[in-house]
Amino acid sequence: MTTFADLGLSPKVLNAVEAAGYTIPTPIQAGAIPHALQRKDVLGIAQTGTGKTASFVLPMLTLLEQGRARARMPRTLILEPTRELAAQVEENFVKYGKNHRLNVALLIGGVSFDDQLRKLERGADVLIATPGRLLDHFERGKLLLSAVDILVIDEADRMLDMGFIPDIERICKLIPFTRQTLFFSATMPPEITKLTEQFLHSPVRIEVAKAATTAKTVEQKLVKSGKKDWEKRAVLRDLIRAEDEGLKNAIIFCNRKKDVSELFRSLVKHDFDAGALHGDMDQRARTTMLASFKDGKLKLLVASDVAARGLDIPDVSHVFNFDVPIHSEDYVHRIGRTGRAGRSGKAFTLVTPADTKYLASIEKLIGEDIIWHDGDLSTLPVSTEPDEAPRRGRGRGKPEPKRRPRNEGRERERPQSEIDIIAAAERAKEAEVQPVEEQPIVRTAEKPQKAAIKADNEQRRARVPHTEPRRDHRRDRDDMGSAPVGFGDEIPAFMLIDTKV
DNA sequence: AAAAAAG
């Protein structure tokens, strides 16, 4: 049996790997590490969850033990498609590089340039970046790529999906021809093959057995729902309550960012312990939210497909697809968030009459029909919330035409979700430093008394103003010219006359 | 019918 000690890694690296509790490398690690150490180009075809990250981090650490970085001239560069993945790779360098004194710089969007510039100035041994911010720094002349000795391109097929390939080509051309390239992709569509032919030099190809399209340990179910958002929300709430016993934590996927925000707001309003994650959120909120979810401080995470692939969130008990994913591969990635490492997991997908086409392509892809969850859903109370009383008992599948549920409009009128998401992130943060008793979070199963619900909602609402200034600031700027500014509450009457015809 | 990433 091959162990890490057989792969040729340096003692410092081996020590850190052992300290992390690993002795046996995964197939992609065993395959890639020896070649990477011999400075060969590597083409690794592997899904996430195969130990792919360590397969480039470990040999890089060993190789980096020789030499030093100069200011603005990073020695190695790792390209990642999303900010979260980039941050995750950085964590790996911290974990396995604990015996090294390396400068690691993370260049991602959504955060200030200043810290990043300082790190570049100091000389980065390892630069981990998303393409946009990297090119931004490059164009400002703050970064030279002529000393990059090792280039890693991770999740290449996802970069393709995201339209990054032109950026990747451009970056590849800025890096010396003599570099070593480690290239990873889960699949090999023609565009990716072309890219490898262009930028890799007689690479060693390592392909790890493609994981069965969907893990055997995941129990998949379909759940019927009406097509209105409020109907889907009601079905989801019932489902979460019905599943509560075995529900440790769950990711709830939506197709659109707008729906992530709306569903998150709705769940919080209904006293679920929920957070949200999507790409338009403030980077600070994204980071905090993900961290609380990973730490188990947050039970439900409503997310866009940012969270579908790659993110290392171990051991999620449930995945709920609030929407049927439009691309069938996304279904596989989403439900792959549960049932990992042989553990059991459950995946529920809400299906409306409009989704049959996408459902068919998913079933074709995974090669089986997903069973319908008959459950006791029909016997469960549809809803207990007063603002949803009008549709109680009316049959979820057939709402009366032309009549909008009362709360739908009301939810729309509210200020956009961002402030609430930041508020929730702050809630999660506060929970870290305060004893649990002082921060009561209503667990999903509990059906609190009405008074308790009210008190809790008041508490939540009270926190929102903390983040208000940021948003008001922006709105004030947008509204300038249409309203008198600078008078506070003392606006002279003549200025309040409506000038519109 | 989308999301992601540079603002």
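Proteins come first, then strands; the chains are lettered A, B, ... in the order of their sequence lines, and each starts at number 1.
Closest to the side chain of A/Glu84, from the set B/dA6, B/dA5, B/dA1, is B/dA5. Of the candidates B/dA6, B/dA1, B/dA4, the closest approach to any side-chain atom of A/Asp355 belongs to B/dA1. When each of B/dA6, B/dA5, B/dA2 is scored by its nearest atom to the side-chain atoms of A/Asp330, the top-ranked nucleotide is B/dA2. Taking only side-chain atoms of A/Ile326, from C-beta outward, the nucleotide of B/dA4, B/dA1, B/dA6 with the closest atom is B/dA1.
For A/Thr196, the side-chain hydrogen bond (donor to acceptor under 3.5 Å, both in side chains) test picks out no residue, with sequence neighbours left out.
Backbone-only contact: A/Gly110 has heavy atoms under 4.0 Å from sugar-phosphate atoms and none from a base. Nucleic acid contact class of A/Asp167 (heavy atoms, under 4.0 Å, all strands): none.
Separating the NZ atom of A/Lys257 from the P atom of B/dA3 is a distance of 5 Å, rounded to the nearest angstrom. Atom CG in A/Leu106 sits about 10 Å away from atom P in B/dA6, given to the nearest Å. In this structure, the CD atom of A/Glu80 is 22 Å from the P atom of B/dA3, given to the nearest Å. Separating the CG atom of A/Leu290 from the P atom of B/dA4 is a distance of 14 Å, rounded to the nearest angstrom. Atom CG in A/Leu134 sits about 10 Å away from atom P in B/dA6, given to the nearest Å. Atom P of nucleotide B/dA4 and atom CG of A/Leu160 are separated by 17 Å, given to the nearest angstrom. Distance CG (A/Asp154) to C1' (B/dA4): 15 Å, rounded to an integer number of Å. Computed from coordinates, the A/Ile165 CD1 to B/dA5 C1' distance equals 13 Å when rounded to whole Å.
A close approach under 4.0 Å does not occur between any side-chain nitrogen or oxygen of A/Arg158 and OP1 or OP2 of B/dA5. OP1 or OP2 of B/dA6 lies within a sub-4.0 Å distance of a side-chain N or O belonging to A/Arg83. Not one side-chain nitrogen or oxygen of A/Thr130 sits closer than 4.0 Å to the OP1 or OP2 atom of B/dA4. Using a 4.0 Å cut-off, some side-chain N or O of A/Ser304 falls inside it from OP1 or OP2 of B/dA4. Close to B/dA4, at under 4.0 Å from its OP1 or OP2, lies no side-chain N or O of A/Arg256.
Residues A/Asp157 and A/Thr187 have side chains that bring a donor and an acceptor to within less than 3.5 angstrom of each other. Side chains of A/Ser292 and A/Asp295: no donor on one and acceptor on the other come within 3.5 Å.
Atom NZ of A/Lys221 is surrounded by more than 12 heavy atoms from other residues, nucleotides or ligands within 6.0 Å.
The base of B/dA3 has none of its N or O atoms less than 3.5 Å from a complementary donor or acceptor on the side chain of A/His278.
Taking the centre and axis of the six-membered ring of A/Phe322, the NZ or CZ atom of A/Lys232 falls inside the cone set by 45° and 6.0 Å.
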